[in-house]
Amino acid sequence: MPELPEVEVVRTGLEPAVTGARVTGVEVVEPRSLRRHLAGALDFERRLTGRRLTGAVRRGKFLWLPVEPAAGEAPVAVLGHLGMSGQLLLRAPDAAPDRQLRVRITLEHPEHGDLVVAFADQRIFGSLALDRLVLTADGAPGGLGASSPLVPEHVAHIARDPLDPAFDDDGFVDRLMRRRTGLKRALLDQTLVSGIGNIYADEALWAARLHYAVPTGSLRKPAVRRLLAETRSVLERALADGGTSFDAQYVNVNGASGYFSQRLHAYGQQGKPCARCGTPIVREAFMNRSSHLCPRCQKVPTPR
DNA sequence: AGCGAGCCCTGCGCGC
DNA sequence: TGCGCGCAGGGCTCGC
């Protein structure tokens with residue numbers, strides 16, 4: 001569900017609330033949400049309680065809250081992934097519990113007082129964990145919002161995303177052209193470029209007028225650069241609109257929806273006229289999910 | 001290297 | 001009204 005713009009909306013919402021705040025309590029309601037924290041829910045609660053958080057950082061669809069380092073301890077962060085249905089919500093301590101509440105973290109902020117970070121998740125594909133921070137391969141900050149070149153161990157293999165100031169455009173173009181696969185597969189490969197999911201892959205391909213099965217090796221550099229520019233553009237516009245919400249599933253930290261669903265040109269638009277040429281958008285099964293495209297603007301690549 | 005299948009889950013809308 | 005089915009924004013691991 002949440003892709004880069006939605007997760008970035010959550011990050012910017014959390015940042016002022018968690019930066020400088022001290023964890024006064026941790027309650028794991030659903031242990032399965034701690035699946036990625038191998039030492040278990042109790043260990044998570046014990047090790048996090050009492051610690052101070054220093055910010056909110058994002059790379060792709062991963063989000064983490066660095067923990068103020070303790071003497072003699074390796075640096076760690078609270079790592080979160082929303083999966084298909086996860087939410088991070090800011091609540092008052094006395095607020096009624098959210099539906100599908102999985103983890104509850106109470107904070108004491110020097111200026112904002114007591115507040116709760118509630119992790120809600122219908123499908124439990126998302127997770128929280130305490131993860132060790134390791135040095136980034138390129139020496140640049142770990143992600144958007146980071147002040148140091150550190151990244152959680154479980155995120156180290158994920159590529160930077162197109163909104164990261166340290167994203168390497170030339171490196172991306174070269175690596176994509178060396179791949180031997182289709183364009184949409186490449187866009188969805190988080191180790192090549194991160195943050196793009198099914199919605200924004202379809203939107204970026206529609207904007208670039210490229211079919212999802214176009215072989216990565218068949219494009220020339222300028223075409224790949226255009227695809228990257230269109231991808232970045234759609235991510236930025238979605239972020240400006242607060243993300244894509246089809247229902248109450250995706251919301252910001254205050255529970256509010258984003259409005260980009262009104263500006264989608266391909267995803268979920270099957271049967272509606274293409275905004276460029278009027279041809280009805282079609283939906284096709286691809287990679288065990290749906291792909292949406294304009295059959296006229298996005299021609300099937302001719303096999304050879 | 002690339003790719004498909006299986007798995008981790010809940011809940012909604014639809015057709016019968 | 002009830003039931004089964006397909007579908008949903010993600011990602012990890014395994015085996016070919």
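Chain letters run A, B, ... following the sequence lines, proteins first and then strands; every chain starts at 1.
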(request) Identify, with sequence neighbours excluded, every residue that meets side-chain contact (heavy atoms from CB on, under 4.5 Å) alongside Asp170(A). (result) Asp168(A), Arg225(A)
(message) Using a 3.5 Å distance criterion without hydrogens, assess whether the side chain of Arg59(A) forms a donor-acceptor pair with backbone atoms of Ile158(A).
(response) yes
(message) Is His81(A) close enough to dG10(C) that one of its side-chain N or O atoms is under 4.0 Å from OP1 or OP2 there?
(response) no
(message) Could you tell me how far apart Glu153(A) (CD) and dC12(C) (P) are, to the nearest whole angstrom?
(response) 14 Å
(message) If I pick the C1' atom on dG10(C) and the same atom on dA1(B), what distance separates them, to the nearest angstrom?
(response) 22 Å
(request) Look at Lys184(A) together with Asp202(A) and state whether they make a salt bridge at an N to O cut-off of under 4.0 Å. (result) yes
(request) Would you classify Tyr267(A) as touching base, sugar-phosphate or nothing, given that sugar-phosphate means primed atoms plus P, OP1 and OP2, and contacts are heavy atoms under 4.0 Å? (result) sugar-phosphate
(request) Using a heavy-atom cut-off of under 4.0 Å over every strand shown, decide if Ser245(A) touches base, sugar-phosphate, or nothing. (result) base
(request) Could you tell me whether the side chain of Glu3(A) and the main chain of Ile199(A) form a donor-acceptor pair under 3.5 Å? (result) yes
(message) Looking at Arg35(A) and Ile124(A), would you say the former's side chain and the latter's main chain have a donor-acceptor pair under 3.5 Å?
(response) yes
(message) If we ignore hydrogens and angles and just use 3.5 Å, is the side chain of Ser194(A) paired with the main-chain N or O of Gln190(A) as donor and acceptor?
(response) no
(message) Could you tell me how far apart Asp202(A) (CG) and dG10(C) (P) are, to the nearest whole angstrom?
(response) 10 Å
Give every pair of a protein N or O atom and an N or O atom of nucleotides 9-11 of chain B that lie under 3.5 Å apart, one pair per line with the distance.
from    : atom 1 : to        : atom 2 : distance (Å)
dC9(B)  : O2     : Arg123(A) : NE     : 2.9
dC9(B)  : N3     : Arg123(A) : NH2    : 3.4
dT10(B) : O4'    : Gln122(A) : O      : 3.3
dT10(B) : O2     : Gln122(A) : OE1    : 2.9
dG11(B) : O4'    : Gln122(A) : OE1    : 3.3

(message) Taking dA5(B) as the reference, what is the distance to dG6(C) when you measure between their P atoms (whole Å, please)?
(response) 15 Å
(message) Looking at Asn288(A), I'd like to know if its CG atom is crowded, meaning that more than 12 non-hydrogen atoms belonging to other residues, nucleotides or ligands lie closer than 6.0 Å.
(response) no
(request) Give a yes or no answer on whether the side chain of Arg58(A) reaches the backbone of Gly60(A) with a donor-acceptor pair at less than 3.5 Å. (result) yes
(request) Over all heavy atoms of both residues, which pair between Pro16(A) and His112(A) is shortest? Give the atoms and the distance, please. (result) O-CE1, 3.4 Å
(request) With heavy atoms under 4.0 Å as the rule, sort Phe62(A) into base, sugar-phosphate or nothing. (result) sugar-phosphate
(request) Could you tell me the separation between the CD atom of Gln87(A) and the C1' atom of dG10(C), rounded to a whole number of Å? (result) 16 Å
(request) May I have the distance from Leu82(A) (atom CG) to dA8(C) (atom C1'), rounded to whole angstrom? (result) 15 Å
(message) Can you list, in residue-number order, the parts of residues 174-197 of chain A that come under 4.0 Å of DNA chain C, counting heavy atoms only?
(response) Gln190(A), Gly197(A)
(request) Compare side-chain N and O positions of Arg36(A) against OP1 and OP2 of dG10(C) and report whether any pair is under 4.0 Å apart. (result) no
Let me have the donor-acceptor pairs involving side chains of residues 61-82 of chain A, under 3.5 Å, with sequence neighbours excluded, atom names and distances please.
from     : atom 1 : to        : atom 2 : distance (Å)
Lys61(A) : NZ     : Ile196(A) : O      : 3.1
Glu73(A) : OE1    : Arg51(A)  : NH2    : 3.3
Glu73(A) : OE2    : Arg51(A)  : NH1    : 3.3
His81(A) : ND1    : Gly83(A)  : N      : 2.8

(message) Please report the distance, rounded to the nearest Å, between CD in Glu6(A) and P in dA8(C).
(response) 16 Å
(request) Check every strand shown and say whether Asp247(A) touches a base, only sugar-phosphate, or nothing at a heavy-atom separation below 4.0 Å. (result) base
(request) May I have the distance from Met84(A) (atom CE) to dC8(B) (atom C1'), rounded to whole angstrom? (result) 12 Å
(message) Stem finding on DNA chain B, please: runs of three or more consecutive Watson-Crick or G-U wobble pairs, both distances under 3.5 Å, sorted by first number.
(response) B:2-8 with C:10-16, B:10-16 with C:2-8
(message) What's Ser290(A) touching, base or sugar-phosphate or nothing? Going by heavy atoms closer than 4.0 Å.
(response) sugar-phosphate
(request) Could you walk me through whether His292(A) and Val282(A) pass the side-chain contact (heavy atoms from CB on, under 4.5 Å) test, one step at a time? (result) CA-CA 6 Å; His292(A) 312 74; Val282(A) 298; over 6 Å; no
(request) With sequence neighbours excluded, tell me which residues meet salt bridge (Lys or Arg N to Asp or Glu O under 4.0 Å) with Arg52(A). (result) none
(request) For Arg289(A) and dA5(B), give me the distance from atom CZ to atom P, rounded to whole Å. (result) 14 Å
(message) Expressed as a whole number of angstroms, how long is the span from Glu284(A):CD to dC7(C):C1'?
(response) 17 Å
